[in-house]
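Structure first, commentary second.
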Amino acid sequence: MSKLKIYNTLTNQKEEFKPIDPNHIKMYVCGPTVYDYAHVGNARPVVVFDTLYRLLKHDYGNVTYARNITDIDDKIIDASRETGKPISEITEKFTRIYEEDMAALNAYLPDIRPKATEYIPEMIKLISDLIDKGHAYEADGHVLFQVSTMNDYGELSGKTVADLIAGARVDVAGYKREAPDFVLWKPSTGDQPGWDSPWGFGRPGWHTECSAMIRGELGKTIDIHGGGQDLIFPHHENEIAQSKCSHDGAKLANYWMHNGYLTVNGEKMSKSLGNFITVHQLLEEFPGKGEAIRLALLSSHYRQPADFSRDAIKQAQKQLDRWYRFTVRAEASEPSVAVLEALRDDLNTPKAIMELNQLAKDENKKGELLASANLLGILNSDNWFIAGVSEELDIDSLITERAEAKASKDFARADEIRNELAEQGITLLDGPNGTTWEKK
RNA sequence: GGCGCGGUGGCGGAAUGGCUACGCAGCGGAUUGCAAAUCCGUCUAUACCGGUUCGAUUCCGGUCCGCGCCUCCA
């Protein structure tokens, strides 16, 4: 069996994956802050790491995959203030929508989905430990992590404390000892939500929750930690700092994987630029075709920037149309070695797709094609060609009528029926054994 | 200013020190009442300038262009 290789952000090179325990792989991916719909850029890590999860399950069997839900954050507080709705209503609604939308992209639900608000005691413990060990200090109601107390801060992002101090371009808050120090706990005032703590009523900083949840659910050191490249600094760097310093130097994760951005006209898709489209909208535009969105996301390598376009989704849809037609009535067997090797090579999904195309040329490899496609989370649909068809449309009787018209050489009527159906998005396929149809 | 990433055909997108995958689109053909689907065939690319080499898209240096991160911000 070929060995899994992973590009590790810690070392900036592709490395052979060596699990801590081959009988139990542990991975963690940063999840959403639930205050709004997820956009396609947010869906990229979900699809990428879901594919990795599928591969790991295939290769190792027992995998625990955790993805957090950030349900306490200033953006959520703002959303609550703006809409007048309670925080819990907002976070529950968008957690549900997030999971539905990601399911439509054929992403498995992670094994563990910890919520930040359920980990407040663990976070308080973590912060207390950091204070006790001399890595954090209390100032003006805040608790801050003192970056200069850690000698290898910056190992993930390649930044140095000196550079960060020199390059600070934002006004440094007065309560900080040094510019790079970051918040572990901050005070809540007025109607802001909060919890009692040794440092007063307040709430956790952004980075603290992931460290606490990983410690609580998976242990001190995990195999793989994933997320978008924009999380490398400061979020993941600070997670490492917190966890390492509270665990006397134990590594938080052996492999750090980061997916590239989804771009629009070359610029990062983001909420603040306003150039985003939500997964929810896309699923309305392409009803029943979540797999096409998924395949479009997987058609470029996960570390490369990928430009979003509806055209890419349409192209993926055509590819899936072809594979679905080819594999009708076939049963999945075992995945092909070529596809497995491509995926084991740092998740080279474009190459895997090429191999799927090779399989789709061989009548005897339909089962392999289905099993291999399943590793990428595609070709799973039972109703690919019929999703979204109005039930009031009696297609079968129209096909019968058209067959009769054709038999009596009334091609005008036959074409009329075909055109009517085409307006409903139904394409008729005349084969040697009669006529079938597909919804586009 | 600091750190990092990228530039492959009309489009998407891999790989490689020696004929540049695969898909989409296009073109020609088979098939079809006409289409669709399918099948066969086919055109188009390694940003620029040097260097190393028998040979560079690939390795090295430089130029140009695009993008990202640089702390409570996503």
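Every chain is numbered from 1, with letters handed out A, B, ... down the list of sequences. Computation of the quantities below employed the complete heavy-atom set of this structure, encompassing side-chain atoms and omitting hydrogens, waters and symmetry-equivalent molecules.
The side chain of A:Lys159 contributes no N or O atom lying less than 4.0 Å from OP1 or OP2 of B:rG4. For B:rC69, the OP1/OP2 oxygens have a side-chain nitrogen or oxygen of A:Lys268 closer than 4.0 Å. Under 4.0 angstrom from either OP1 or OP2 of B:rU71 there lies no side-chain N or O belonging to A:Asn238. Residue A:Arg322 places none of its side-chain N or O atoms closer than 4.0 Å to OP1 or OP2 of B:rA37. When the side-chain nitrogen and oxygen atoms of A:Lys318 are compared with OP1 and OP2 of B:rG12, none of them lie within a distance under 4.0 Å. The side chain of A:Arg203 places no N or O atom within less than 4.0 Å of a non-bridging phosphate oxygen (OP1 or OP2) of B:rC72.
Taking atom P in both B:rU63 and B:rU20, one finds a spacing of 31 Å when rounded to whole Å. Using atom P as the reference point in both B:rC22 and B:rC43, the two lie 13 Å apart (nearest Å).
A:Glu438 comes within 4.0 angstrom of no nucleic acid atom, judged by non-hydrogen atoms across all strands. Within 4.0 Å of A:Arg44, counting heavy atoms only, lies no atom of the nucleic acid at all. Within 4.0 Å of A:Asp74, counting heavy atoms only, lies no atom of the nucleic acid at all. Within the nucleic acid shown, A:Gln315 comes within 4.0 Å of at least one base atom, counting heavy atoms only. Using a 4.0 Å heavy-atom cutoff across all strands shown, A:Asp430 reaches at least one base atom of the nucleic acid. Base engagement by A:Asp181 is indicated by at least one non-hydrogen atom pair under 4.0 Å involving a base atom. A:Gln229 comes within 4.0 angstrom of no nucleic acid atom, judged by non-hydrogen atoms across all strands. Among the protein residues, A:His235 comes within range of no part of the nucleic acid, since none of its heavy atoms lies under 4.0 Å from any strand. Using a 4.0 Å heavy-atom distance criterion, A:Gly205 is classed as making no nucleic acid contact. Here A:Ile353 lies out of heavy-atom contact (under 4.0 Å) with every strand. Base engagement by A:Lys406 is indicated by at least one non-hydrogen atom pair under 4.0 Å involving a base atom.
The 5' end of RNA chain B is approached more closely, in terms of each residue's nearest nucleotide, by A:Asn348 than by the other of A:Asn348 and A:Lys409. Comparing A:Asp345 and A:Asp230, the nucleotide of RNA chain B nearest to each residue sits closer to the 5' end for A:Asp345.
Donor-acceptor pairing under 3.5 Å, judged by distance alone, is present between the side chain of A:Asp415 and the base of B:rG33. Side-chain to base pairing of A:Tyr261 with B:rC5: no donor and acceptor N or O lie closer than 3.5 Å to each other. You'll find a donor-acceptor pair under 3.5 Å spanning the side chain of A:Arg418 and the base of B:rA35, going by distance alone.
In this structure B:rA15 sits in no base pair that meets the Watson-Crick or G-U test at under 3.5 Å. B:rU32: no Watson-Crick or G-U partner with both key distances under 3.5 Å is found in any strand. Across every strand in view, B:rG1 sits in a pair with B:rC70 that passes the Watson-Crick or G-U test at under 3.5 angstrom. In this structure, B:rA21 forms no base pair with any nucleotide, since neither Watson-Crick nor G-U wobble geometry is met with both distances under 3.5 Å. Across all strands shown, B:rG26 is found opposite B:rU42 as a Watson-Crick or G-U wobble partner, with both distances under 3.5 Å.
Contacts of A:Glu15 classified as salt bridge (charged side-chain N to carboxylate O under 4.0 Å, His left out), with partners at least two apart in sequence or in another chain: none.
The pair A:Arg303-A:Asp346 counts as a salt bridge, with a side-chain nitrogen and a carboxylate oxygen less than 4.0 angstrom apart. At a threshold of 4.0 Å, the pair A:Arg402-A:Glu416 does not count as salt-bridged, since none of the basic side-chain nitrogens sits closer than that to a carboxylate oxygen.
Side-chain atoms of A:Ser148 and A:Arg177 form no donor-acceptor pair, as typed in the model, at a separation below 3.5 Å. Between the side chains of A:His39 and A:Thr278, not a single donor N or O lies within less than 3.5 Å of an accepting N or O.
Annotation: A:His207 is not in aromatic contact with A:His236 [ring centroid separation under 6.0 Å not met]. Between A:Phe94 and A:Tyr37, the ring centre distance stays below 6.0 Å.
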